[in-house]
Each structure stands twice: as structure tokens, then as C-alpha cells.
A.B. asks: 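Take this structure, written in C-alpha cells, and hold onto it; I'll ask about it next.
In this text, all values refer to a predicted model and were calculated from it rather than measured experimentally. Here is how names work: the chains are called A, B, and so on, in the same order as the sequence lines, proteins then strands, and each is numbered from 1.
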Amino acid sequence: MGTPAFAAEVLRAIAEKPGVELVGAVTRPDKPKGRGMKLLMSPVKEYALARSIPVFQPKTLKNGAFDQELAALEPELIVVAAYGNILPHEVLVFPKYGCVNAHGSLLPKYRGASPIQRAILDGERETGITAMFMDDGLDTGDVIKTYPCPIEDGDDCGSLTEKLAVIAGKAMCETIDTLLDGTVTRTPQPEEGASYAAKIGKEDEALDFSRDAESLRNQIRALSPAPLASTTTPDGRGLKIAQAALGGDCPDTEPGLVTEVGSKGEGYVRVACGKGSLLITKLVPEGKKCMSAGDFVRGRKIAAGDLLGRQPERL
RNA sequence: CGCGGGGUAGAGCAGUCUGGUAGCUCGUCGGGCUCAUAACCCGGAGGUCAUGUGGUUCAAAUCCCUUCCCCGCAA
């Protein structure tokens, strides 16, 4: 059971594992999405269809809505990765081997919906995958094994998620092996050090340049490649920042002020922050595609002296 | 039919309102300057202005209409 690309990678790993019979893939229903009313299928569904794995898309698992299908499939084990729906107790206890989950953090840290984003946002240097048994709580089940993964300086949410997805795939394969040969271990999570990674929302996207450059850069990394940290240009249009580097000291300057632009090559836009400055290197203007800062400067859309993020956040 | 922006040289844009020689900042190629350079100077190549044997016109990148595609917002 899973939905996004992260889950599709786990599905792939399991599907290619010898001796595993996949009786079905469960993913969220196609949702009318995007500009028109395009129905977009999840990466998990896409992969499952390509491999001729039966796909199930129940709106909910609650209230016995999925019981019939579940009974017919007779799964011995359910592997969950970023599914997006809550599994009720009846489902959790149905399979012979139970339900195992690949969670994108080193539990009990960052339980919840957005562990990867939150870890980057907080400037963590290490995260990982936790293989665990699911219980009725939110990512509170017994831990099978943890797989640490460093967060590199150049990582953004996209690259880190890819790395973790690969680890998660291996972790689940390993978990299946230990389940089958009976060597699986389970360790209750310590309550100490537990934290909750709330889902990333719109309020996490706006950049506040009065904060220090490092935390702003973490914010940009955590939200890249989607949904991206956002600010506004002097003419009031939206501007999303896809990538930025630390730009050194920038004393006595109004936060948000563009102090310097570079038009050669990839270029850059230096923005003063509450502490230090940011060198913006990739961005997405409203109505445009992602482009380098150099392209943006060349198109005459910004110059030194402009003030970004003027509009106070309305919340 | 949710709202809106956009498609002009390899990239990013201007020009469109007020039809009349295809422009700018870069990149690229060649040459020059220099101890040297991603710096500076000179020169060149590169575009059927998304689509339509569309409409209007003496004349369309520009005004009108068609279709396709891209993106932001909202969900």
C-alpha cells in the first residue's frame, strides 16, 4: 500500500524480489488534479499497471469498506509506504505476518506525514528509514530495524527522498526475509526523543527574509523540488525559490533587499537576510518554468535594489 | 467548461495597446587587446515571431478566430 514515487520504488523492489507473490497494490484513488480536471494516477498505480499487478483504490479502508477485497486477496503480509490513508485495526491484524511500514525517519523522531521535509527544515545532518510493525498509533509501532542515511549539504527533498526510497526498498526486502525465516526482531519505540512531523502546508512555503540565511536555505531545500519556497517580487507577482546557497555576511541591510545580481552563466541573485545572505541560483517566476538566476536577471525581471517578500504573510 | 500568465535565435526577455526594415541581455563561432582571464574591444552565424494552403488589410509578431502545448493559483 502506497501512493507517491517513494512508495512506487518500494513496490518495485518487492516486485523484483524472487519468491514474493504480489496479490495486489493498494493506492489512493485518482484525483481530479491540476489545471483542467485531469485525473492523475499515482506513481504506485502507474508501476503496478505496467507490471500487471492488480490495483485497488478504495476511498477509505475504514468501516469495513475494504474487507471483502482484503479477504479475497488473502495477503500474508501488507507492506505500507507513504499510503496516505489510515489503516484501521481490522486491516492491521488481518495478514498472518501483520503490516510493516517503511517510515522516512529514524523513529521515534519525526513521526507523521512529512518526516523527510521536517528533517531538512530542522537542519538535521542525518535521517534514515525505519522498518517497523504498524500498530494503532501514528508511526508508533515496534521497530524492526533502522537504516541511517546522512543528509548531505547538497541534498534537497527530492534527492534525499530518492535515496531514502532505495533504502526503503532494500529494508522491506530484508524485513520480508527475516519475517519468513523467523529471525525478525521487534523493539518498542522509546518515548524519549519522539517528535511529530506535521504535514507541510502553505504556511511553510513563505520565506521570511528577516530570519537567518541558514534556516532559510534549509526551508528552500526542504521544499524543493515541490512545492517550493515562495516569496514575491516588487511588482507583486509570485516567485518561487528552487535552489539557493549561503551568501556570506551582509550587514546593515534591509532583509529581502536584492544587493547584487550576476548575469553571467548560471548567475545569482543575492538577497539580504536577517543574518547573512542567500545566493539564489534557481527559481520559478509566476507563469514560467524553473530557470537559473542568470536567466531571470537577463530577462530583466530583477535588479539590485529590489525588495523581495514585501507582502506580509496573511494568515 | 474553476481563475490567471505564457509560446519571438541555443537560453531569458522586449516589441503587440497606437499594424509598416526582427530588437535586448547572455550563450556560441571568428578576430583583437593582455603576462593572463570567466574581464574588455570588433565582427559573424543563428528566427517560416507555437499552430492554421484561417479571417481582416495595400501591408500582420502586432487586430480577429481555430487548434495544440507549457506554467502559476485554486482544489
A.B. asks: Nearest whole angstrom, please: distance from the P of A14(B) to the CG of Asp295(A).
C.D. replies: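 So the CG-P distance, Asp295(A) to A14(B), works out to 13 Å.
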A.B. asks: Please give the distance between the C1' atoms of U34(B) and C40(B) as a whole number of Å.
C.D. replies: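 10 Å, rounded to whole Å.
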A.B. asks: Out of Ile86(A), Leu87(A), Asp67(A), which one pairs with Leu61(A) under the side-chain contact (heavy atoms from CB on, under 4.5 Å) rule?
C.D. replies: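 The residue from Ile86(A), Leu87(A), Asp67(A) that satisfies side-chain contact (heavy atoms from CB on, under 4.5 Å) with Leu61(A) turns out to be Leu87(A).
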A.B. asks: So what's C68(B) paired with, Watson-Crick or G-U wobble, going by both distances under 3.5 Å?
C.D. replies: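 C68(B) is paired with G7(B).
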A.B. asks: In terms of side-chain heavy atoms, does Thr3(A) have a donor or acceptor partner in Arg28(A) at a distance below 3.5 Å?
C.D. replies: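 No.
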A.B. asks: Can you check the distance between U53(B) and G4(B), where both ends of the measurement are the P atom (answer in whole Å)?
C.D. replies: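 30 Å, rounded to whole Å.
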A.B. asks: On a heavy-atom basis, which atom in Ile220(A) and which in Ala244(A) lie closest, and how many Å separate them?
C.D. replies: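 Minimum heavy-atom contact is CD1-CB, 3.8 Å.
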A.B. asks: Establish, for the pair Arg118(A) and Tyr110(A), whether the NZ or CZ atom is under 6.0 angstrom from the six-membered ring centre and no further than 45 degrees off its axis.
C.D. replies: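 No, Arg118(A) and Tyr110(A) do not form such a contact.
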A.B. asks: From G12(B), G72(B), C70(B), pick the nucleotide closest to the side chain of Lys289(A)?
C.D. replies: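 From the listed options, C70(B) comes nearest.
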A.B. asks: Using a cut-off of under 3.5 Å, enumerate the N/O to N/O pairs linking the protein to nucleotides 39-45 of chain B.
C.D. replies:
unit_1 : atom_1 : unit_2    : atom_2 : d
A39(B) : OP1    : Lys264(A) : NZ     : 3.2

A.B. asks: How close or far is atom C1' of A74(B) from atom NZ of Lys31(A), stated in whole angstroms?
C.D. replies: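 Checked: the NZ to C1' distance equals 13 Å.
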A.B. asks: I'd like the P distance from G15(B) over to U8(B), given in whole Å.
C.D. replies: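 Nearest-Å result for U8(B) against G15(B) at atom P: 14 Å.
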A.B. asks: What's the gap between G52(B) and G2(B) when it is taken at their P atoms, as a whole Å value?
C.D. replies: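 Between the two P atoms, the distance is 28 Å.
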A.B. asks: Met291(A) has an atom CE; how far is it from atom P of G10(B), in whole Å?
C.D. replies: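 Going from Met291(A) (CE) to G10(B) (P), I get 17 Å.
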A.B. asks: What integer distance in Å separates Arg298(A):CZ from A9(B):P?
C.D. replies: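 Rounded to the whole Å, the gap is 15 Å.
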A.B. asks: Can you tell me the pairing partner of A74(B) across any strand shown, Watson-Crick or G-U wobble, with both distances under 3.5 angstrom?
C.D. replies: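 Across any shown strand, A74(B) pairs with none.
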A.B. asks: With rounding to the closest Å, how many angstrom separate the P atoms on G31(B) and C13(B)?
C.D. replies: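 That atom pair is separated by 33 Å.
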A.B. asks: Please determine which of Lys163(A), Arg125(A), Arg221(A) meets the salt bridge (Lys or Arg N to Asp or Glu O under 4.0 Å) test together with Asp155(A).
C.D. replies: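 Exactly one option meets the salt bridge (Lys or Arg N to Asp or Glu O under 4.0 Å) with Asp155(A), and it is Lys163(A).
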A.B. asks: Indicate the atoms forming the closest heavy-atom contact of Gln219(A) with Leu121(A), along with that distance.
C.D. replies: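 Between these two residues, the closest heavy atoms are CA-CD1, 3.4 Å.
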A.B. asks: Which nucleotide sits closest to the side chain of Arg300(A): C70(B), C13(B), U25(B)?
C.D. replies: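 Output: U25(B).
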A.B. asks: A75(B) P sits how many Å from Leu40(A) CG, rounded?
C.D. replies: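 So the two atoms are 18 Å apart, to the nearest Å.
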A.B. asks: Determine the Euclidean distance between corresponding P atoms of C3(B) and C49(B); express it in Å to zero decimal places.
C.D. replies: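 31 Å, rounded to whole Å.
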A.B. asks: Side chain of Arg237(A) only, heavy atoms from C-beta on: which candidate in G5(B), U25(B), C13(B) is closest?
C.D. replies: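 My answer, after comparing the listed nucleotides, is G5(B).
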A.B. asks: Does the side chain of Gln243(A) come under 3.5 Å of the side chain of Asp156(A) through a donor N or O and an acceptor N or O?
C.D. replies: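 On atom types as modelled, these side chains do not qualify, holding no pair under 3.5 Å.
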A.B. asks: Separation of Asp235(A) atom CG from G72(B) atom P, in whole Å?
C.D. replies: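 That distance rounds to 18 Å.
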A.B. asks: Take atom NZ of Lys282(A) and atom C1' of A11(B), then tell me their distance rounded to the nearest Å.
C.D. replies: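 Checked: the NZ to C1' distance equals 14 Å.
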A.B. asks: For the CD atom on Glu69(A), are there more than 12 heavy atoms of other groups (residues, nucleotides or ligands in this structure) within a distance under 6.0 Å?
C.D. replies: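 Yes.
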A.B. asks: Can you tell me the distance, in whole Å, between the NZ atom of Lys288(A) and the C1' atom of G5(B)?
C.D. replies: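 Value for this atom pair: 8 Å.
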A.B. asks: According to the Watson-Crick and G-U wobble definitions, with both distances under 3.5 Å, which nucleotide is paired to G43(B)?
C.D. replies: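 In the structure as shown, G43(B) has C29(B) as its Watson-Crick or wobble partner.
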A.B. asks: Taking atom C1' in both C35(B) and G46(B), what distance in whole Å separates the two?
C.D. replies: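 Their C1' atoms lie roughly 35 Å apart.
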A.B. asks: Answer with yes or no whether the side chains of Tyr268(A) and Glu260(A) bring together a donor and an acceptor at under 3.5 Å.
C.D. replies: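 Yes - a donor-acceptor pair under 3.5 Å links their side chains.
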A.B. asks: At less than 4.0 Å, is any side-chain N or O atom of Lys301(A) found next to OP1 or OP2 of U25(B)? Yes or no.
C.D. replies: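 Answer no for this pair, as no side-chain N or O of Lys301(A) is under 4.0 Å from OP1 or OP2.
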A.B. asks: Where each residue is assigned the nucleotide of RNA chain B containing its nearest heavy atom, which of Gly299(A) and Val284(A) is assigned the position nearer the 5′ end?
C.D. replies: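 With Gly299(A) and Val284(A) compared, the 5'-side residue is Gly299(A).
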A.B. asks: Would you measure the distance from the C1' atom in A60(B) across to the matching atom in U18(B) and give it in whole Å?
C.D. replies: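 Each nucleotide's C1' atom is 15 Å from the other's.
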